K.L.:
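I have a structure I would like to understand better, so I am pasting it below and will then ask my questions one at a time.
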Amino acid sequence: MATGMVAGMVVVGAGQGGLQVAESLRAEGYDGPITLIGEEPFVPYHRPPLSKAMLAGTMEEAQLAIRGADVFERQRIDLLTGVRVVAIDRPARRVRLEDGRSLDYRGLALATGSRLRPLPVAGGDQDGVLGLRSLDDARRIRAALDGAARVVVIGGGYIGLEVAAAARKRGLEVSVLEAADRLLARSATPFLAAFYADLHRSQGVVVELGAKLAGLDGQGGRVTGVRTADGRSRPADLVVVGIGVVPNTALAEGCGLPCEHGVLVDDCARTGDPAIVAVGDCTARRVGDAGALLRLESVQNAVEQGKSAAAALLGRDRPFTAAPWFWSDQYDVKLQIVGLSAGHDRMVLRGSPADRRFSAFYFREGALVAIDSVNRPADHMVGRKLLDRKAALTPEQAADEGFPLASLAR
Ligand SMILES: Cc1cc2nc3c(=O)[nH]c(=O)nc-3n(C[C@H](O)[C@H](O)[C@H](O)COP(=O)(O)OP(=O)(O)OC[C@H]3O[C@@H](n4cnc5c(N)ncnc54)[C@H](O)[C@@H]3O)c2cc1C
């Protein structure tokens, strides 16, 4: 749309969050123009399968699209793919695209996601060193797995562990190197981290904790191994780097919007500018009773913030305050997490870790704050309700298999 035509809603970033904003604007009754702009050459797609079914080979690319192409036409969402937004002019309410075009906006949503954190040692630019954020990344890793024998995963977070599980399932030799003294150090409790270390070791993965990376070895531009500070080298023909992401805040910072660990938003996804909202992995906000400033990198967060953002652009308050939830699939173990376990002072178990079927309930000062469910989806579903309703579940009830959790969720 050329400058001067009627200004509509513009969404930057055609991923999980951006698509949600566009669809929720229609659901909220907004009838004007919506333009959804994405840098990648694809319709919005699901990222979670990229490290799971896509690598395992049990899902095809055609199944990744979040919506069929017809939906954009039907909902009158003008989807521009393969084009990057390079600047925001807030006084003029206009965005500039890299191809020189400009678009005026009445309301603007930033849903720019995040990018891979670069490896802080030499050798990361060689062939055979790959990270996983996008469909293109997943294509490369899938192709590399076909020809690989020895895989080293750098980083024991969820994505690294999911890749490790997929590579192991294909029968490859797999090592996971984690710098911290436990897996999942940023997001899981020590108990859950230990469960995952055992799980991977039982599947034949070499899990090295406290592994300080020194560099990547290579020959002729191809990676051959990973070296740690203790001087040891592990041979590898594929190195997958899973050391986290950096939020894409350049556009927001460039136009002076407050950013700290992400574009700062409130529970309604509002930024410091009433005409601009932001959602998903690029945002940070105060969450939970403790009010910690968090960047929640999850589908739920992108979707719920997307709904809030659409409402906010139309002048309505729809705060997102539900307990955060997340999942991970590794081998035959489905993990579902709800709530924030940081600062818990008590944990009780329901079910049996030895059977790989249990839920860990976390309490702080007697109040339930989080639940990790392993192969117990029913506990997770009822747990979401318990947390959102601040139900008065006691640790004794949680640990008692005979106690019906659902009785407190009604
Ligand atoms: C491998 C993998 C596995 C995951 N597994 C899980 C899981 O099991 N459970 C879970 O809850 N979450 C999971 N996640 C996280 C989840 O996918 C993200 O939280 C979610 O995709 C965030 O949505 P978003 O819209 O903020 O960002 P994205 O989906 O990343 O979309 C952002 C889009 O914006 C585009 N963009 C950026 N800058 C610009 C610009 N200037 N102009 C135009 N376009 C731009 C990007 O190219 C990108 O396409 C996983 C993520 C990955 C990568």
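We count ligands from 1, going down the list as the structure has it; atoms in each ligand are counted the same way. What you see is a predicted model; the values in this text were computed from it and never measured.
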K.L.:
Closer than 4.0 angstrom, basic N to acidic O: yes or no for Asp355 and Arg357?
P.N.:
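Not counted as a salt bridge, because no side-chain N and carboxylate O are separated by less than 4.0 Å.
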
K.L.:
Have a look at Arg133, Glu40, Gln336, Arg84 and point out the one with the heavy atom closest to atom 46 (C) of ligand 1.
P.N.:
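Selected option, by shortest heavy-atom distance: Glu40.
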
K.L.:
Do other residues, nucleotides or ligands put more than 12 heavy atoms under 6.0 Å from the CZ atom of Arg133?
P.N.:
yes

K.L.:
Using a 4.0 Å heavy-atom cut-off, which part of Ile37 comes near ligand 1: side chain, backbone, both, or neither?
P.N.:
backbone

K.L.:
Sub-3.5 Å donor-acceptor pair from the side chain of Thr189 to the main-chain atoms of Leu192, do we have one?
P.N.:
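Yes: the side chain of Thr189 pairs with the backbone of Leu192.
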
K.L.:
For atom 15 (C) of ligand 1, which protein heavy atom lies nearest, and how many Å away is it?
P.N.:
Glu297 O, 3.9 Å

K.L.:
Which atoms of ligand 1 have any heavy atom of Gly280 under 4.0 Å away?
P.N.:
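Those qualifying, in numeric order: 26 (O).
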
K.L.:
For a 4.5 angstrom cut-off between non-hydrogen side-chain atoms, does Arg356 reach Ser202?
P.N.:
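Touching, per the 4.5 Å side-chain cut-off.
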
K.L.:
Report the part of Lys52 (side chain from C-beta onward, or backbone N, CA, C, O) that has a heavy atom under 4.0 Å from ligand 1; answer both or neither where that applies.
P.N.:
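Contact part for Lys52 vs ligand 1: side chain (C-beta onward).
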
K.L.:
Please state which protein non-hydrogen atom is closest to atom 31 (O) of ligand 1 and give its distance, to 0.1 Å?
P.N.:
Gly15 CA, 3.4 Å

K.L.:
So Tyr45 and Phe42, would you call those rings parallel, tilted or perpendicular, with 30° and 60° as cut-offs?
P.N.:
perpendicular

K.L.:
Could you identify the single nearest non-hydrogen protein atom to atom 26 (O) of ligand 1 and state the distance to 0.1 Å?
P.N.:
Asp281 N, 2.8 Å

K.L.:
Quick one: do Glu23 and Arg26 make a salt bridge, cutoff under 4.0 Å?
P.N.:
no

K.L.:
Within a reach of under 6.0 Å around CD of Glu28, are more than 12 heavy atoms found that belong to other residues, nucleotides or ligands?
P.N.:
yes

K.L.:
How far is atom 27 (O) of ligand 1 from its nearest protein heavy atom, and which residue and atom is that?
P.N.:
Gly113 CA, 3.5 Å

K.L.:
Considering Val85, Val303, Ile159 one by one, which has a heavy atom nearer to atom 40 (C) of ligand 1 than any of the others?
P.N.:
Val85

K.L.:
Any atoms of ligand 1 less than 4.0 Å from a non-hydrogen atom of Gln16? List them with their elements.
P.N.:
21 (O), 23 (O), 25 (O), 29 (O)

K.L.:
So, Arg222 and Asp237, do they make that salt bridge, N to O below 4.0 Å?
P.N.:
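Looking at Asp237 together with Arg222, the answer is no, because their closest N to O distance does not fall below 4.0 Å.
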
K.L.:
State, yes or no, whether a side-chain contact exists between Glu39 and Thr112 at a heavy-atom distance under 4.5 Å.
P.N.:
no

K.L.:
Return the residue, atom name and 0.1 Å-rounded distance of the protein heavy atom closest to atom 21 (O) of ligand 1.
P.N.:
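Ranked first by proximity to atom 21 (O) of ligand 1 is Arg47 CD, 3.7 Å.
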
K.L.:
Asp198: which residues meet the side-chain contact (heavy atoms from CB on, under 4.5 Å) condition with it, sequence neighbours left out?
P.N.:
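Counting only residues at least two positions away or on another chain, Asp198 forms no side-chain contact (heavy atoms from CB on, under 4.5 Å).
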
K.L.:
Ignoring angles and geometry beyond distance, decide whether Glu162 reaches within less than 3.5 Å of ligand 1 through its nitrogen or oxygen atoms.
P.N.:
no

K.L.:
So which protein heavy atom does atom 24 (P) of ligand 1 come closest to, and at what separation?
P.N.:
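Minimum-distance protein heavy atom for atom 24 (P) of ligand 1 reads Gly17 N, 3.9 Å.
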
K.L.:
What residue and heavy atom of the protein are closest to atom 1 (C) of ligand 1, and at what distance?
P.N.:
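Nearest neighbour among protein heavy atoms for atom 1 (C) of ligand 1, to 0.1 Å: Ser51 OG, 3.5 Å.
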
K.L.:
Give the numbers and elements of all ligand 1 atoms closer than 4.0 Å to a heavy atom of Leu251.
P.N.:
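What qualifies from ligand 1 is 41 (N).
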
K.L.:
Taking only heavy atoms of Val299 into account, list the atoms of ligand 1 that are under 4.0 Å away from them.
P.N.:
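Within the 4.0 Å cut-off of Val299, ligand 1 contributes 10 (C), 11 (O), 12 (N), 19 (O).
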
K.L.:
With under 30° as parallel and over 60° as perpendicular, where do the rings of Tyr158 and Phe326 fit, or are they tilted in between?
P.N.:
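It falls in the tilted class, 30° to 60°.
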
K.L.:
Tell me which part of Trp327 gets within contact of ligand 1: side chain, backbone, both or neither, using heavy atoms under 4.0 Å.
P.N.:
both

K.L.:
Closer than 4.0 angstrom, basic N to acidic O: yes or no for Arg47 and Glu40?
P.N.:
yes

K.L.:
Which is closest to atom 32 (C) of ligand 1 by heavy-atom distance: Ser328, Gly13, Ala111, Cys282?
P.N.:
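Residue with the shortest heavy-atom distance to the ligand atom: Ala111.
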
K.L.:
For Asp137 and ligand 1, answer yes if some heavy atom of the residue is under 4.0 Å from a ligand atom, otherwise no.
P.N.:
no

K.L.:
Show me which atoms of ligand 1 lie under 4.0 Å from any heavy atom of Ser298.
P.N.:
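Those of ligand 1 that fall under 4.0 Å from Ser298 are 11 (O), 12 (N), 19 (O).
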
K.L.:
Measuring centre to centre across the rings, with the benzene-like ring taken for any Trp, is Phe191 within less than 6.0 Å of Tyr362?
P.N.:
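Judged by ring-centre distance (under 6.0 Å), Phe191 and Tyr362 do not meet the cut-off.
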
K.L.:
Salt-bridged, Glu60 to Arg142, with N to O below 4.0 Å?
P.N.:
yes

K.L.:
For Val83, counting its heavy atoms only, list the atoms of ligand 1 lying under 4.0 Å from any of them.
P.N.:
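Every atom of ligand 1 under 4.0 Å from some heavy atom of Val83: 43 (C).
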
K.L.:
What residue and heavy atom of the protein are closest to atom 4 (C) of ligand 1, and at what distance?
P.N.:
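The answer is Pro48 CA, 3.5 Å.
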
K.L.:
Ligand 1 versus Asn301, non-hydrogen atoms closer than 4.0 Å: side chain, backbone, both, neither?
P.N.:
neither

